[in-house]
Each structure stands twice: as structure tokens, then as C-alpha cells.
Amino acid sequence: MHYKQEVSDYISKAGSDQVEILERLRQIIHSSVKGTSEDIKWSMPVFKKNKTFTYLRFSAKHVTLGFYNYDRIKDADNLLEGEGNTMRHVKIKSLEDIKVNLFTEWFKVTAD
């Protein structure tokens with residue numbers, strides 16, 4: 001896993017609860033899709049393999065985990081939010097909200 005300092009700096013600016021969530025999601029993203037790189041774009045961390053497939057953003061009350069290529073995702077529980085043409089997201093308020101197996105699958109299908 002290759003972590004960029006700019007992404008670490010972004011994460012360090014979040015509240016302590018969100019730092020834990022962001023770091024855990026970051027680790028899951030990298031372990032789910034081998035060869036993932038990370039960068040700061042549009043003032044937030046984005047992750048790509050051949051193209052950008054997911055992003056992270058924090059706010060006062062939650063972390064947003066966003067997905068590009070969301071049309072490839074099977075969302076049986078209707079967790080994804082948003083109405084845009086290219087992206088959807090999930091709001092994560094605690095470590096317990098991280099669905100490792102589900103998100104791992106979503107990372108894999110959106111990264112291809």
C-alpha cells in the first residue's frame with residue numbers, strides 16, 4: 001500500500017472519531033483493489049486503479065464514502081444516496097457502519 005502524505009494530512013484534519021473511520025476505509029480500499037493509488041482531487045481523497053473509483057470526505061457528523069461507476073453496484077439494501085448521473089455515496093457515522101465485505105465488493109466492481 002502506498003499512502004500519500006497529502007491524504008494523511010487531509011485525514012488528520014478530521015475529528016478523532018472520523019479519523020478512525022477514514023483510516024479504516026483507506027485501508028480497506030487499498031487491500032480490496034491491488035494497485036490502487038490515492039491522491040487529493042477536488043479537495044478530497046480519491047482512489048484509482050485505471051480510473052477513479054471511490055472518494056472519501058468528512059463533515060462534522062459523518063464520513064462520506066463515494067462511488068463512481070455506481071451503476072455496477074448491486075445495492076439490495078438501498079444504502080447508496082444521491083441523485084447525480086455519475087456518483088452515489090454512503091454516510092458513515094461510526095466504525096460499526098463500515099460493511100467490510102459489502103464495501104470490498106463495491107470497490108472491486110467499481111475499480112474495473
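- Below 30°, between 30° and 60°, or above 60°: for Phe53 and Phe107 the angle between ring planes is above 60°, a perpendicular geometry.
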task = Starting from the C-alpha separation in whole Å, work towards a yes-or-no answer on side chain to side chain contact (heavy atoms under 4.5 Å, CB included) for Asp71 and Asn69.
result = CA-CA 5 Å; Asp71 55 327; Asn69 307 309; 4.2 Å; yes
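- Checked by atom type, the side-chain pair Gln5/Asp9 shows a donor-acceptor distance below 3.5 Å.
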inquiry  = Would Leu80 and Ile73 count as a side chain to side chain contact (heavy atoms under 4.5 Å, CB included) here? Give the steps.
reply    = CA-CA 9 Å; Leu80 291 172; Ile73 293 175; 3.9 Å; yes
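- Between Thr110 and Arg72, the closest heavy-atom pair is O-NH1, 4.0 Å.
- Residues Lys41 and Val46 come closest through the heavy atom pair CB-CG2, 3.8 Å.
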query = Where do Ser8 and Lys4 land on the side chain to side chain contact (heavy atoms under 4.5 Å, CB included) test, with the steps shown first?
reply = CA-CA 7 Å; Ser8 297; Lys4 283 201 168 179; over 6 Å; no
ask   = Do Glu81 and Lys91 pass the salt bridge (charged side-chain N to carboxylate O under 4.0 Å, His left out) test, and can you show the C-alpha distance, the side-chain angles, and the key distance before you say yes or no?
value = CA-CA 8 Å; Glu81 299 180 35; Lys91 292 178 183 170; 3.7 Å; yes
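- Shown here for Gly66 and Thr54, the closest heavy-atom pair between the two residues is O-OG1, 2.5 Å.
- Of all the heavy atoms in Lys74 and Trp106, the pair that sits closest is O-NE1, 3.3 Å.
- When all heavy atoms of Leu79 and Val90 are compared, the pair lying nearest together is O-CG2, 4.0 Å.
- The aromatic ring centroids of His30 and Tyr3 lie less than 6.0 Å from each other.
- The main-chain N or O of Gly15 is found under 3.5 Å from a side-chain atom of Gln18 such that the two form a donor-acceptor pair.
- Ring pair Phe67/Phe103 is tilted by interplanar angle, where 30° to 60° counts as tilted.
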key: Verdict with supporting geometry, Arg88 and Tyr68, side chain to side chain contact (heavy atoms under 4.5 Å, CB included)   = CA-CA 7 Å; Arg88 293 288 188 270; Tyr68 298 89; over 6 Å; no
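- Residues Arg26 and Glu38 are paired through a salt bridge, judged by an N-O separation under 4.0 Å between the basic side chain and the carboxylate.
- For the pair Tyr70 and Gly84, the tightest heavy-atom approach, listed with the atom from each and the gap, is OH-O, 3.7 Å.
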